[in-house]
J.: 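This is the structure I want to talk about, given as structure tokens.
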Amino acid sequence: MVKLTLPDENILEISKGKTVRDAALQIGQGLADASIAAKINGKLVDLHYVIENDADFEILTEKSEEALHVLNHSAAHIMAEAVVELFPNARPTIGPSIEPVGFYYDFYIEKPFTQEDLDRIQKKVDEIIAEDTKFLREEMSLAEAIKYYQKVEDNKFKVEILKEMETEEVSFYSHGNGAFKDLCRGPHVPSTKRVKAIKILNASAAFWRADANRESLQRVYGVAFFNPKELRKHVNMLEEAKKRDHRIIGRQLDLFDTADEWGPGMPLIFPKGRAILEVMRDFWNKEHEKAGYEIVQTPHVYKENVWQTSGHTEYYVENMFPVNLKGEKWYVKPMNCPGHMMIFNRRTYSYKELPIRIGEMGTVYRYELSGALHGLFRIRSFTQDDAHLFMLSEQLEDEIVDVIQMINHFYKAFGFTDWEFFISTKPEEAIGTEEGWEHATSSLKNALVRLDLPYKIKAGEGVFYGPKIDVDVKDAIGRRWQLATIQVDFNLPDRFDINYIGEDGQKHRPFVIHRVIFGATERFLAILIEHYAGKLPVWLSPIQVTVIPITDEHIEYAKQVSLNFQNEGIRAEADLSGERMEYKIRQATMQKIPYIINVGDKEVEAQTIAVRSRGNKVEFGVKIKNLIEKIHKQMENYE
RNA sequence: GCCUCGGUAACUCAGCGGUAGAGUGAUUGACUUGUAAUCAAUUAGUCGGGGGUUCAAGUCCCCCCCGAGGCUCCA
């Protein structure tokens, strides 16, 4: 007998050599029918997996998130079979499931897929699912597998994958008549019909191994669910995301616009957009002053020699806007770092004065590739909430702790509830000493450990000049955005010869970290717009109160009410246009203004207001003072 | 920069060889209204740019520019 420890700590005894499905059946028919795969000692396995030893055991049913990934992965295989049948020249490469849900498969094929091709693929996929055949696992030695892909399939991509593998045995999966089998670790759903709902979404180009110098592949995206209802929900979510598109809301709410007329990637921020950015800036200034930062301002353009010192002319010149005048070469700044280095260097600091924290909301310009531009998410002129911290080696960990705490405070205030930390370690090509990297990387880790924050490691993904922490923030519809970054920099201190005087009276190189929290303020604004679907909380709303008079006779009172709010630091306006009151209410509602105030005879008489708040609730006879207090409280609490 | 799909009025889009259209907006006038669109008039475009095919081209063909979705880049 084999003892399986279930998630609820109960022990399930089964006879040796039984499969996962048998074990599930032993618990109950319902569970067996609902099961997709299982976890044995935390490792994902098929239902066909034969259990030989005692282990921790967990059945994955359709309800679990991991099962959905298994399903999507299986869907990728089914699609690959469909593609290979329809296009015998296509060479499958890799096809994983993706976050938050969905899959893709990359094919090497001469001709890109058209919309008609995708329709045919969808049809073929549906056929394969309808056939309801089992996913079968087959083991093969590594050498045999390489031979298979060299001789039978003529697929150099799979051979390349196999040659990098360190195991001796690999597994294949097949379904249908078995003509198509694919190298895969598994696990998979037991049979093709478990894919109850699948949609082939779109195709695009992708490079093999994400390397622009390698072959260009055709990537087909799709998404699969256990039932059609979930698929519909997902499609609705995609539509919801489309509705939240900050470019559209930005135009509706008169926040900003981009257009190629005045330069692709150069957004014009309108008054209401700027009002939100101003709230962000105020918050930022306040928090940074509290945390002992010195706020500075640096120019937008420097002479070439600055960029030669920083190394930008050598390595980043393609991304910089050049300015030539009177035979001299200048560059518009793509980064704020040089300015901060030069400010640090204006005098000599003693070790007693460190850490020095220099911060700036600095607008930078980068010539991004045209294909990368997208609304405010990716632009060529944007403002970084930049700061550089100069410190002693032993201060590194404390400083990182402080920055992380500030990051947590920021994201909470702006209404996010979920974010993740990633540490990127030393890449292959890097500068700086081994000890420096070691100390910096462990300081990053220790800081997170000290704050009891979980993190993941991205091995070798650090920048050449130092290790870093990246923070991914999850928005209201589950999308992840990389926002904050804390990077240790071994490069610029050397290039700008940054020093402090130590206890020994000698010059020493401080540790320098570069960090942003918003990242780019314009991008952060766009994320806020999509996170809140335009319905910004009161403290961020560009217009917090609008006052609508019922007839022209109430204009004076409306003006007076509006002024009352303005005098209390509240962003208020009065709509005195010639439109009907109902029309103005509709406009204000669509502008997502938190408080819409109506004033007529009754209000003038009683010196009150009628307040319509979000959700279309109207409250009559409200005292102006009371609403002012309420809004003040909301602004203080970042609501 | 690469692949796919697009570009018609300020916005959303229809028209797909035969006289450039609709809704929204904007402007003006009338209406003075008690809680999500008052009525009317006016304004609308080198149909992304260039070249070609045709008696005739938003419409078919070629080149370029720009955008979207991906990929890449993110010193």
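A, B, ... follow the sequence lines: proteins, then strands. Residue 1 opens every chain.
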J.: Between P on B/rC74 and OH on A/Tyr465, what's the gap in Å once rounded to a whole number?
T.: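 After rounding, the reported distance stands at 11 Å.
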J.: Of all heavy-atom pairs between A/Pro338 and A/Met335, which one has the smallest distance, and what is that distance?
T.: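 A/Pro338 and A/Met335 have their closest heavy atoms at CD-O, 3.8 Å.
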J.: Looking at the side chain of A/Arg586, which of B/rU32, B/rA37, B/rC73 is the nearest nucleotide?
T.: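 Among B/rU32, B/rA37, B/rC73, the one nearest the side chain of A/Arg586 is B/rA37.
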J.: Which atoms form the tightest heavy-atom contact between A/Glu368 and A/Ile379, and what is the distance?
T.: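 Minimum heavy-atom contact is CG-O, 3.8 Å.
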J.: For a quick test of reading the model: is some side-chain N or O of A/Arg219 closer than 4.0 Å to OP1 or OP2 of B/rG70?
T.: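 For B/rG70, neither OP1 nor OP2 has a side-chain N or O of A/Arg219 closer than 4.0 Å.
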J.: Identify the nucleotide, in any strand shown, that forms a Watson-Crick or G-U wobble pair with B/rA56, with both distances under 3.5 Å; if there is none, say none.
T.: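 Answer to the pairing question: none, since B/rA56 forms no Watson-Crick or G-U pair.
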J.: Does A/Arg209 or A/Gln587 map to a spot on RNA chain B nearer the 5' end, using the closest nucleotide for each?
T.: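 Nearest nucleotide further toward 5': that of A/Gln587.
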J.: From the set B/rC71, B/rA68, B/rU38, return the single nucleotide nearest to any side-chain atom of A/Glu582.
T.: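 So the nucleotide nearest the side chain must be B/rU38.
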J.: Side chain of A/Tyr583: nearest nucleotide among B/rA36, B/rC71, B/rA26?
T.: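 Per side-chain heavy atoms of A/Tyr583, the pick is B/rA26.
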J.: B/rC71, OP1 or OP2 - any side-chain N/O from A/Tyr104 closer than 4.0 Å?
T.: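 Result: no.
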J.: Of A/Arg586, A/Lys584, A/Arg580, which meets salt bridge (charged side-chain N to carboxylate O under 4.0 Å, His left out) against A/Glu582?
T.: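 With A/Glu582 as partner, A/Arg586, A/Lys584, A/Arg580 yield a single salt bridge (charged side-chain N to carboxylate O under 4.0 Å, His left out), made by A/Arg580.
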J.: From the options A/Tyr108, A/Tyr105, A/Phe107, select the one residue that forms a ring-ring contact (aromatic ring centres under 6.0 Å, His included) with A/Phe157.
T.: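 It is A/Tyr108; the other options fail the test.
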J.: Is there a Watson-Crick or G-U wobble partner for B/rA22 with both distances under 3.5 Å, and if so, which one is it?
T.: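 WC or wobble partner is B/rU12.
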J.: Mark up nucleotides 6-12 of chain B, 5' to 3', with B wherever a protein heavy atom is under 4.0 angstrom from a base atom, S wherever such an atom reaches only the sugar-phosphate, and - elsewhere.
T.: -----SS
J.: Which base sits across from B/rA41 as a Watson-Crick or G-U pair, both distances under 3.5 Å?
T.: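 When the pairing criteria are applied, B/rU27 turns out to be the nucleotide that pairs with B/rA41.
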J.: A/Thr589 has a side chain; which of B/rG34, B/rU32, B/rA36 sits nearest to it?
T.: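 When the side chain of A/Thr589 is considered, B/rA36 is the closest of B/rG34, B/rU32, B/rA36.
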J.: Could you classify B/rG58 for me, syn or anti, using a glycosidic angle within 90° of 0 as syn?
T.: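 Syn, which is what one calls it when the glycosidic angle falls within 90° of 0.
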J.: Which nucleotide, B/rU35, B/rC71, B/rU33, lies nearest any side-chain atom of A/Arg612?
T.: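 Nearest nucleotide to the side chain: B/rU35.
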J.: Rounded to whole angstrom units, what separation is found between the CD atom of A/Glu368 and the P atom of B/rC71?
T.: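 In whole Å, B/rC71 P and A/Glu368 CD are 15 Å from each other.
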J.: Under a 3.5 Å cut-off for both distances, is B/rC2 Watson-Crick or wobble paired, and to whom?
T.: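 The base-pairing partner of B/rC2, which may sit in any strand shown, is B/rG70.
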